[in-house]
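Single-structure report; data block below.
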Amino acid sequence: MAFAAIAGLALITAFIFKEGFPLMVKAGLRDFILSDEWRPLDRLAPRFGIFPMIVGSLAVTAGAMTIGVVFGVGVAILLTQFCPPRLVGLLKPAIELLAGIPSVVYGFMGLVVLVPFIREHLGGSGLSVLAASVVLGIMVLPTVISISVDALQAVPRPYYEGSLALGATEWQTTHMVMLRAARSGIVAAIILGMGRAIGETMAVIMVAGNTIAVPHGPLDSVRTLTSNIAIEMNYAAGDHRKALFATGVVLFVIIMLLNTAALVLSRRRAGGGHR
Amino acid sequence: MGLVALCGGCGGGKGEVVRVVGSTSVEPFAGELAAEFNRNNPGLYVEVQGGGSTAGIKAVADGYAQIGMCSRSLKPEETGFTTITIARDGIAIVVNQANKVGGLTREQARDIYEGKIGNWKDVGGEDKAITLVTREEGSGTREAFEHLVMGAARIARAAKTQNSNGAVRQLVKGNEDAIGYMSLGQVHGELKALTVDGVKPTAEEVLAGKYPLVRPFLFVVKGKPGDAAQKFIDFVLSPPAQAILEKEGLVRAK
């Protein structure tokens, strides 16, 4: 089973690189990544610059993770440290249910509730980095909360009791002992949440506006890498299709970089401790 | 509708197959006609597939499909084909029902989409910034709009991109400052379709040749089509089939 999964991953990787890489070379790697001109069907001078989409993906993901981490880890701390166990037994499954709601439903709710709200109260068209961030932030909550809770619950009980016995308050114990001991688990929660945020497509297409321009603020519209592929896949042929695969290659590399960075970071920090 | 068409043939599945491939704008209509045709012609089976205008023409050139569907005029480099206009489709420029603007000239529409005009007050509306809504690269509707309205100009980058008529409708319905464009048959009265150069976007005006934003829906064949394909083409051009197309919001071929 495990080998099948790895073989699958290798096949997918080889395939998207095979389809996408030649176009990146043809368009110029530098231009492909750093140019902000995306005109794949221009008959005289097609341009394949995905810089706006790269910025879009990063901006939306950063926004989503700000919301997701602050609320997600916060809720996890509340549930594990300050909540009666019986209530946790009720709340945690309820939160995990959130993960079962299809993304198109989140997107639709965002489109009919959040987008008009932003348009009326903050300005702009409402289809924005902010709307996408909030929707994604909510979508990653179940992942972040559930794994963080598991990590915090896995910290040996004596840590907690020992800290209290040494005279630390409950809050000091939480942030100086429990959070530190559970760090690698919480980082894993954040990585998984981030993976979901950067890969999510449907909900983002519905609320982000999909403009091909680098956003200058949270109220501007953006198109993410995944949206770019999904929106244009229908009719794409020839170089246009290859350019979408190349977009996938860039997405793949970004996800790999983020995951590696997060892993290295968590190992280095956790290195001093004993787990 | 496409699904209905496909399943119309699931039961039989035998006999001579005519493949019709191409534009996803034409596909639902062709699918409906194919279902009707298959019901009345046992022994023949018309199979309709999407893929886009360009893919359809390529499929005909390769001999994979007998008939290609195309929602634009052929490009200069696409030679050696015979085209049959099966219907025409108006492109409507749509705004929110609350918008006070009732019409635009083609120049105004182009300037708006190019980003030169950014406020409704410059075209007789309220003092509000215009939210542009466009279709994605590769869409036949976008191609037709670029050809009929934009000419050599480019659609501004600030335009929000939606990848279906439905998504454009949803956005314009929910935003009083938005402008979009879509197939005339898809407007459904929830949006306000603007007059263009003073002509109302209605089937009558398209038929009379007055409404300027019209694209042909074509069948594309190479050489002389086979008997079965010809039979389907004849059916599509027959009055009952044309009446079906008209009921679906298109405008008759002639």
Side-chain angles (χ1 to χ4, degrees), chain A residues 36-49 52-53 107-108 110-120 123-128 201-202 205-216 220-223 227-241 243-244, chain B residues 22-25 27 50-59 70-72 75-77 96 115 128-143 146-147 150 152-164 166-180:
Chain A
D36 62 353
E37 301 260 358
W38 174 262
R39 298 199 304 267
L41 291 177
D42 198 307
R43 262 201 275 164
L44 302 175
R47 290 270 185 285
F48 303 97
M53 283 75 113
F108 194 66
L111 185 63
V112 298
V113 179
L114 187 64
V115 168
F117 181 86
I118 293 175
R119 185 169 64 232
E120 273 152 37
S125 67
L127 298 160
S128 55
T201 313
M202 196 62 218
I205 289 180
M206 296 175 82
V207 301
N210 312 317
T211 300
I212 312 172
V214 177
H216 296 290
D220 282 355
S221 294
V222 278
R223 180 183 293 196
S227 311
N228 193 42
I229 300 173
I231 286 178
E232 299 196 353
M233 207 56 179
N234 280 351
Y235 310 104
D239 276 357
H240 187 194
R241 180 170 167 278
L244 296 183
Chain B
S23 161
T24 47
S25 306
E27 184 192 355
S53 297
T54 309
I57 291 167
K58 192 166 170 292
C70 186
S71 57
R72 53 170 170 77
K75 293 176 182 169
E77 65 266 26
N96 191 282
K128 280 177 163 174
I130 299 174
T131 299
L132 294 175
V133 184
T134 187
R135 290 289 304 278
E136 78 283 8
E137 290 268 7
S139 139
T141 313
R142 176 179 175 134
E143 229 165 284
E146 282 179 333
H147 175 70
M150 300 308 289
R154 288 208 176 93
I155 292 176
R157 285 203 209 172
K160 319 276 177 239
T161 309
Q162 299 290 309
N163 64 344
S164 68
V168 171
R169 184 183 316 119
Q170 184 68 32
L171 221 170
V172 176
K173 205 170 81 177
N175 187 332
E176 293 186 3
D177 314 326
I179 185 169

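Per chain, numbering begins at 1; letters A, B, ... match sequence-line order.
Of the residues considered (B:Thr24, B:Leu171, B:Thr54, B:Thr134), B:Thr24 shows the highest number of contacts with chain A, using heavy-atom pairs under 4.5 Å. The candidate with the highest count of non-hydrogen atom pairs below 4.5 Å against chain A, out of B:Gly50, B:Gly52, B:Ala158, B:Ala178, is B:Ala158.
The two atoms that bring B:Gln162 and A:Gly209 nearest to each other are NE2-O, 4.5 Å, heavy atoms only. Looking at every heavy atom in both residues, B:Arg157 comes nearest to A:Thr211 through O-CG2, 2.7 Å. Nearest approach of A:Asn210 to B:Thr161, heavy atoms of both residues: ND2-O, 2.7 Å. Pairing each heavy atom of B:Asn175 with each of A:Ser125, the nearest pair is ND2-O, 3.9 Å. Heavy atoms only, all atoms of each residue included: B:Glu137 and A:His240 are closest at O-CE1, 3.6 Å.
In this structure, CG in A:Leu41 is found 10.0 Å from OG in B:Ser139, a value given to the nearest 0.5 Å.
Only the backbone of A:Ala230 comes within less than 4.5 Å of a heavy atom of chain B; no side-chain atom from C-beta onward does. Neither the backbone nor the side chain of A:Val115 comes within less than 4.5 Å of any heavy atom of chain B. With a 4.5 angstrom heavy-atom cutoff, B:Leu132 does not touch chain A via any of its atoms. Residue B:Ser53 does not touch chain A at all, counting heavy-atom pairs closer than 4.5 Å. When heavy atoms are compared at a cutoff of 4.5 Å, B:Thr131 approaches chain A solely by way of its side chain, counted from C-beta outward. Of the two parts of B:Glu176, neither the backbone nor the side chain holds a non-hydrogen atom closer than 4.5 Å to a non-hydrogen atom of chain A. Both the backbone and the side chain of A:Arg39 come within contact range of chain B, each with at least one heavy atom under 4.5 Å from a heavy atom of that chain. Contacts of B:Ala159 with chain A are made by backbone atoms alone, with heavy-atom separations under 4.5 Å and no side-chain atom involved.
Residues passing the side-chain hydrogen bond (donor to acceptor under 3.5 Å, both in side chains) test with A:Thr201: none are found, sequence neighbours excluded. For the side-chain hydrogen bond (donor to acceptor under 3.5 Å, both in side chains) test, residues two or more places apart in sequence or in another chain that qualify with B:Arg142 are B:Glu146.
Open room surrounds NZ on B:Lys58; 12 or fewer heavy atoms of other groups in view lie less than 6.0 Å from it.
B:Asp177 has no carboxylate O lying under 4.0 Å from a charged side-chain N of A:Arg119, or vice versa, which leaves the two without a salt bridge.
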| CA sep, side-chain torsions, deciding dist, call: B:Arg154, A:Asp42, side chain to side chain contact (heavy atoms under 4.5 Å, CB included) | CA-CA 10 Å; B:Arg154 288 208 176 93; A:Asp42 198 307; 2.6 Å; yes
